[in-house]
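What follows is one structure encoded as structure tokens, with my remarks underneath.
Chain A is the first sequence line, chain B the second, and so forth, proteins listed ahead of strands; every chain is numbered from 1.
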Amino acid sequence: MNSEELKNITASQIVDARGTACPGPLLAAKKAIGDIESGEVMEILSSDEGTKHDIPRWCEKMEHDFLGIVEEDSYTRLFLKKA
Amino acid sequence: MINITYTSAKPHKKNECRIIKLSIFAAHKTINNMSIDIENQIAELQKKVGKLEKGTKDQLSMVVFSGDLDKILAAMIISTGAVAYDMKVKLFFTFWATAALRDPKKKVSGKNLISKMFGMMLPKGKNKLKLSKMHMMGMGSAMMKGLMKKKNVASLDEMFKIAGELGVEINICEMSMDLMGFKKEEMMDYPHMNICGVATFLADASESKIQLFI
């Protein structure tokens, strides 16, 4: 999905992990994914550079559908659909 | 394969009837044999899959040997990260790392002179650990802790708290504790802590997909 499409998505769950370093955003995502249903979209906000690589890799392994990234000024928005 | 030859629409010859009957009988037998063969193969595969599933779990086993601030921090970050992958994590704290698990507030009596000496010279708990490099009489380690705070890296205190909540298991080597004169009563409060021997580590490690030594 491109960033325009992603911006129009309303996520069922928004996880704000800004201000935490590795493995903060990953752990926040793991915690929150349990609260949503399969097929629902989750958005993760992170200011940690490594998250951009970590979350797609994590989705691959956990079989969640990684939708893409939207870059904001000081943070990144990452979208995924729960398997 | 079976060839059924049917020469005329209405078999009037006895021989032809017999050939057909025999052919059908042979076909039945072959199909029966084939299905038994498939059943056997499935049973064999199920046995193998069961063995494999039992063999390696989604589990991480780590020997935490070093008692350095940086190395224990790395061990804790990897451990908590592994939980995000639904892995079970089992840490085996041995040798210098056991000192990091002491609770500075807990006092125990009845130690002999050597144990007391060890107790005094080794860091009393995770907040007294030194960097493996650039400790510089405490300056380096203090600077690192300051940097970690500034860069939002969780402190060891926080990491152990998170690990406890996530169910990371800590097994402490009984022999190391005995050597250094540490007692169970002076170890920090942690929800999943056991004291064990090398056999526990080996059993855990042998069924883990990942084994590390730090």
Under 6.0 Å from the [atom1] atom of [X], do we count more than 12 heavy atoms belonging to anything else shown?
X	atom1	answer
B:Lys145	NZ	yes
A:Glu37	CD	no
B:Lys71	NZ	no
B:Lys111	NZ	yes
B:Ile114	CD1	no
A:Glu40	CD	yes

* To do: Determine the minimum heavy-atom distance between B:Val83 and A:Lys30, stating which atoms define it.
  =>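 Here B:Val83 and A:Lys30 meet closest at O-CE, 3.4 Å.
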* **Separation of B:Met87 CE from A:Lys61 NZ (nearest 0.5 Å)** => 4.5 Å
* Between CG on residue A:Leu26 and CD1 on residue B:Ile77, distance to nearest 0.5 Å -> 11.5 Å
* B:Ala84 portion near chain A, given a 4.5 angstrom heavy-atom threshold ->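 Backbone plus side chain of B:Ala84, per the 4.5 Å heavy-atom cut-off to chain A.
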* **Interface moiety of B:Ile78 toward chain A, non-hydrogen atoms closer than 4.5 Å** => neither
* To do: Among A:Asp54, A:Leu27, A:Ile33, A:Asp48, single out the residue with the greatest number of heavy-atom pairs under 4.5 Å to chain B.
  => A:Leu27
* Asked: Given a strict heavy-atom distance threshold of 4.5 Å, which part of A:Arg18 is in contact with chain B: side chain, backbone, both, or neither?
  ->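 Answer is neither: A:Arg18 stays 4.5 Å or more from chain B.
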* Asked: So, does B:Asn152 use its side chain to make a donor-acceptor pair with the main chain of A:Ala21 at under 3.5 Å?
  -> no
